[in-house]
Protein chains: 2
Amino acid sequence: MMVGYNPDDKIFHAVDCIIFGFNDEDLKVLLIQRDFEPEKGKWSLMGGFLKKVETLDDAAIRILNRLTGMQNIYMEQLYTFSEVNRDPVERTISTSYYAIINIEKHNEELIENYNAKWFSLSEVPNLIFDHNDMLDKAIKRLRRRTSISPIGFELLPEKFTMRQLQKLYETILDKELDKRNFINKINSMDILIKLKEKDMTSSTKGSFLFQFEKAKYDEKQTNSFYLKL
Amino acid sequence: MMVGYNPDDKIFHAVDCIIFGFNDEDLKVLLIQRDFEPEKGKWSLMGGFLKKVETLDDAAIRILNRLTGMQNIYMEQLYTFSEVNRDPVERTISTSYYAIINIEKHNEELIENYNAKWFSLSEVPNLIFDHNDMLDKAIKRLRRRTSISPIGFELLPEKFTMRQLQKLYETILDKELDKRNFINKINSMDILIKLKEKDMTSSTKGSFLFQFEKAKYDEKQTNSFYLKL
DNA sequence: TCAAAAGTGTTTATAATACACCCATGG
DNA sequence: CCATGGGTGTATTATAAACACTTTTGA
């Protein structure tokens, strides 16, 4: 036996996913009602144990997929929670990931199987363990990310109007934005293609649809946006 | 046995510390040369196993203290690394933490016991496992933090000159800064007290010493500095 | 014809950057 | 008396914020 590798120190490792969704109205988070112990009947984040031969990223993807049926979703590791008694059954550390998905695109059936439900951020109930802390951290991170890089298009349909995009930003940042300033800012980023089609559902006049130019977007993603002084 | 808690999935969990130091000259990182297996003789970050009854934060503090003798150090959790074969001996996940300390203040003796050495960032050798990745991530995070909040005073003596502070920022950001703009910016933050003493070692004229007003600093720390749009 | 949402530019304020000279002192 | 690092302020530019009216068309 190698020095330091003491089998008594082996512990469980879980992954919990904060799944954000958006539906033209509200920023929501997907929670499941547990039909298993511990804390059966209570609400929690969707999670699972890390397998012996699996990375955390893979586990997060697996867990998200199991609940939503979705693939190729933007996910990001958030933080690892390690309070000794956070899980009352066995010592378990949990790494949280957050994802942002389009609420329309998930698999309804799977969600029902898991007793899952979308909650507006203002209506989130008490969650098990430290899941409320995880959610708080995820919201903060999402806001920061949104302010500094053009994340969030995952939350919109492929073609969208400027007002939808603005609404999304306003919802994430929890703050009203000026219509003209917003458009100027987005245009200056030069990541959208203006289509000739209009969406006629929201007004009599109709509003132009935009699409998202992936190549340019990816450029922006890799650059650093802050780093001033 | 509770569903999901499969003892086969239990694994080791380690903590690795990226310890930054500064000595008027250079930003450095403290590495140890391993006199134990695996990878004996190679350089690595200082690390250790998480104990069964201990949080990650506590483990990070314990590990830092063991190597430097220091306490009450600013540390921050960075990221959790989980490649399946990152540790060739046993499946081990590692959470990295970074600390910034004053190079003068550590315990020389302890450092010698661990075959530890300070390396300039440009001279860091190949490290074991994924420790170079950890270091890269830490450097990025440190730069970002430095740009947006007045971190880094931990790296200076209690009383310091403006030029020392500027040098520190220049070193961390790897970028030259304008003397006057720097002073204006720092003054606008209103977190320093100008002392009547001068430091006479660096020039014939001498330069005023400053001290750091903790209360105001803490205020700034908790505010969010970015979040634009 | 009017209600409801879309679209569009300019002005002002704030923040970041660029820039050059005099000062004090020990050797 | 001069070499060395210390100290200081203003003008310019870039970015962010504030702000109001006209257009379209289905009901």
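Quantities reported herein were computed from a predicted structural model and do not represent experimental measurements. Residue numbers start from 1 in every chain, and the chains themselves are labelled A, B, ... in the order their sequence lines are given, proteins ahead of strands. What you see below is based on every heavy atom in this structure, not just the backbone, and it leaves out hydrogens, waters and symmetry mates.
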Of the listed dT8(C), dG6(D), dG26(C), the closest approach to the I183(A) side chain comes from dT8(C)

Determine, using ring centers only, whether F81(A) and Y79(A) are less than 6.0 Å apart. yes

Rounded off to whole Å, could you give me the CG-to-P distance for the D178(B) and dA20(C) pair? 11 Å

Output the single nucleotide from dC19(C), dT8(C), dA16(D) whose closest atom is nearest the side chain of K179(A). dT8(C)

What is the nucleic acid contact for K167(A), judged by heavy atoms within less than 4.0 Å: base, sugar-phosphate only, or nothing? nothing

Verify whether one side chain among T55(A) and S82(B) offers a donor that lies under 3.5 Å from an acceptor in the other. no

Rounded to whole Å, CG of N184(B) lies from P of dT17(C) at a distance of 12 Å

Rounded to the Å, how far apart are F182(B) CZ and dG9(D) P? 18 Å

Taking the six-membered ring for Trp, are F153(A) and F160(A) parallel (under 30°), tilted (30 to 60°) or perpendicular (over 60°)? tilted

Could you tell me whether the side chains of D199(B) and T201(B) share a donor-acceptor contact shorter than 3.5 Å? yes

Once you measure the plane-to-plane angle for H13(A) and H13(B), does it fall in the parallel (<30°), tilted (30-60°) or perpendicular (>60°) bin? parallel

Grab the CZ-P distance between F208(A) and dT23(D) for me, whole Å please. 16 Å

Quick note, R180(B) side chain, CB onward, closest among dA20(C), dC19(D), dG7(D) is dA20(C)

Atom CD of E176(B) and atom C1' of dT17(C) are separated, to the nearest Å, by 15 Å

Round to the nearest Å and state the distance from Q166(B) atom CD to dG7(D) atom P. 11 Å

Distance check needed: dA17(D) P versus L177(A) CG, whole Å only. 9 Å

Closest nucleotide among dG6(D), dA6(C), dA17(D) to the R163(B) side chain: dG6(D)

Selected nucleotide, minimal atom distance to K205(B) side chain, candidates dG7(C), dC23(C), dT25(D): dC23(C)

M200(A) CE - dG7(C) C1' separation (whole Å): 14 Å

Which nucleotide sits closest to the side chain of N181(B): dT25(D), dG26(C), dG9(D)? dG9(D)

Over all strands shown, is S203(A) touching base, sugar-phosphate only, or nothing at heavy-atom distances under 4.0 angstrom? sugar-phosphate

